[in-house]
Amino acid sequence: MKQINLSLYIKNFRKAQEQQGTQSGMSLIEILIVISIMGGLMAILADGLMEVGTDARIQTTRLQMSKINSSLARYRLHTFKLPTSEQGLDALIKNPGIKRWRGPYLNENQLLDPWGTPLSYEIEGNSFAIISAGPDTLAGTDDDINSQEEGDN
């Protein structure tokens with residue numbers, strides 16, 4: 001059997017402990033710097049993701065307007081006219097008292113934009129526009145989305 005020199009073992013153990021005590025970890029300042037860098041990166045990424053989300057909602061609104069345009073075309077095919085401004089887009093959901101109405105042409109939730117704001121409808125002659133209040137949910141501001149801007153109808 002091999003004899004283990006216990007004193008040598010203890011001496012090496014104490015030496016290892018002493019070396020660990022002299023090793024330095026990260027200081028508080030270094031930790032704070034790392035946290036602030038990570039926070040800055042997260043802010044930059046979050047801002048980029050917010051823009052992507054807004055762009056996706058704008059595209060969804062345009063697709064929704066296109067579907068409403070198709071529904072208005074079917075409404076016109078059945079009733080021989082477009083809904084009046086007073087009837088609005090609700091004429092696609094509930095019969096406004098027209099005999100030839102064959103709706104509903106849409107579900108009620110399809111008349112809300114992705115921000116939860118009701119879409120508005122304006123008609124002048126045979127030309128109409130579907131308008132979303134856009135990301136700020138306030139009608140009449142620069143970020144409004146208008147179906148006529150894209151040449152949808």
Side-chain angles (χ1 to χ4, degrees), residues 13 15-153:
F13 181 74
K15 194 174 187 180
Q17 279 185 329
E18 289 172 8
Q19 286 176 349
Q20 283 181 349
T22 60
Q23 290 179 348
S24 62
M26 290 181 70
S27 70
L28 180 59
I29 293 174
E30 290 171 328
I31 291 172
L32 290 175
I33 290 171
V34 169
I35 289 173
S36 63
I37 290 171
M38 289 174 59
L41 289 173
M42 293 298 288
I44 291 169
L45 289 173
D47 185 46
L49 290 175
M50 292 297 285
E51 286 180 27
V52 169
T54 299
D55 289 346
R57 286 181 177 192
I58 290 170
Q59 290 304 316
T60 299
T61 303
R62 294 207 184 283
L63 288 170
Q64 198 171 353
M65 288 177 173
S66 178
K67 182 168 176 83
I68 293 170
N69 284 341
S70 297
S71 297
L72 285 167
R74 285 186 309 171
Y75 179 96
R76 186 187 322 197
L77 181 68
H78 296 156
T79 65
F80 304 114
K81 60 184 177 180
L82 288 168
T84 64
S85 291
E86 292 78 30
Q87 293 168 336
L89 294 174
D90 287 338
L92 299 174
I93 298 169
K94 297 176 227 152
N95 188 345
I98 298 173
K99 288 182 182 180
R100 296 181 54 88
W101 189 84
R102 294 186 194 168
Y105 299 93
L106 290 171
N107 295 325
E108 193 169 349
N109 64 349
Q110 292 174 304
L111 298 180
L112 296 176
D113 67 15
W115 298 277
T117 308
L119 295 167
S120 62
Y121 168 78
E122 297 174 358
I123 184 167
E124 189 173 316
N126 281 332
S127 180
F128 64 89
I130 302 164
I131 302 162
S132 164
D136 70 358
T137 68
L138 300 172
T141 58
D142 288 342
D143 71 342
D144 289 2
I145 304 165
N146 189 320
S147 65
Q148 285 187 335
E149 291 173 2
E150 293 294 311
D152 287 341
N153 47 353

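- The CG atom of L106 lies 6.5 Å from the NZ atom of K67; values are rounded to the nearest 0.5 Å.
- Not counting sequence neighbours, the partners of P118 by the side chain to side chain contact (heavy atoms under 4.5 Å, CB included) test are L112.
- In this structure, R102 CZ and T79 OG1 are separated by 10.0 Å, a value rounded to the nearest 0.5 Å.
- Considering every non-hydrogen atom in both I98 and Q87, the closest pair reads CD1-NE2, 4.3 Å.
- Looking only at side-chain heavy atoms (C-beta outward), F128 and N69 come within less than 4.5 Å of each other.
- Put simply, the side chain of S127 reaches to within 4.5 Å of the side chain of Q148, judged on heavy atoms.
- Remark: I33 CD1 to S27 OG distance equals 7.5 Å, nearest 0.5 Å.
- Inspection of the T141 and D144 side chains reveals an N or O donor paired with an N or O acceptor under 3.5 Å.
- Between M65 and L119 the shortest heavy-atom distance is CE-CD2, 4.5 Å.
- Closest approach of H78 to R100, counting heavy atoms only: O-NE, 2.8 Å.
- Residue L63 places its CG atom among more than 12 non-hydrogen atoms of other residues, nucleotides or ligands, all under 6.0 Å distant.
- The distance from the CG atom of L111 to the OG1 atom of T117 is 13.0 Å, given to the nearest 0.5 Å.
- Residues L72 and I130 have side chains in contact (heavy-atom distance under 4.5 Å, counting atoms from C-beta outward).
- I44 pairs by the side chain to side chain contact (heavy atoms under 4.5 Å, CB included) definition with nothing, not counting sequence neighbours.
- Between Y105 and Y75, the two ring planes are perpendicular [angle over 60°; tilted spans 30° to 60°].
- Atoms CG and OG1, on N146 and T61 in that order, are 12.5 Å from each other to the nearest 0.5 Å.
- Nearest heavy-atom pair, T137 versus A133, reported as atom, atom and distance to 0.1 Å: C-CB, 3.6 Å.
- Between I58 atom CD1 and I145 atom CD1 the span is 5.0 Å, to the nearest 0.5 Å.
- Taking both residues in full, the closest heavy atoms of Y121 and P83 are given as OH-O, 2.8 Å, listed atom of the first, atom of the second, then distance.
- Q59 places none of its side-chain heavy atoms less than 4.5 Å from the side chain of D55.
- Counting all heavy atoms, side chain and backbone alike, P104 lies closest to I93 at CB-O, 3.4 Å.
- Between D143 and L138, the closest side-chain pair of non-hydrogen atoms is not below 4.5 Å.
- Side-chain N or O atoms of Q64 include one that pairs as donor or acceptor with a backbone N or O of Q110 at under 3.5 Å.
- No side-chain donor-acceptor contact under 3.5 Å links S66 to the backbone of R62.
- Remark: D142 CG is loosely packed, at most 12 non-hydrogen atoms of other residues, nucleotides or ligands lying under 6.0 Å away.
- In this structure a side-chain-to-backbone donor-acceptor pair under 3.5 Å is present from D113 to W115.
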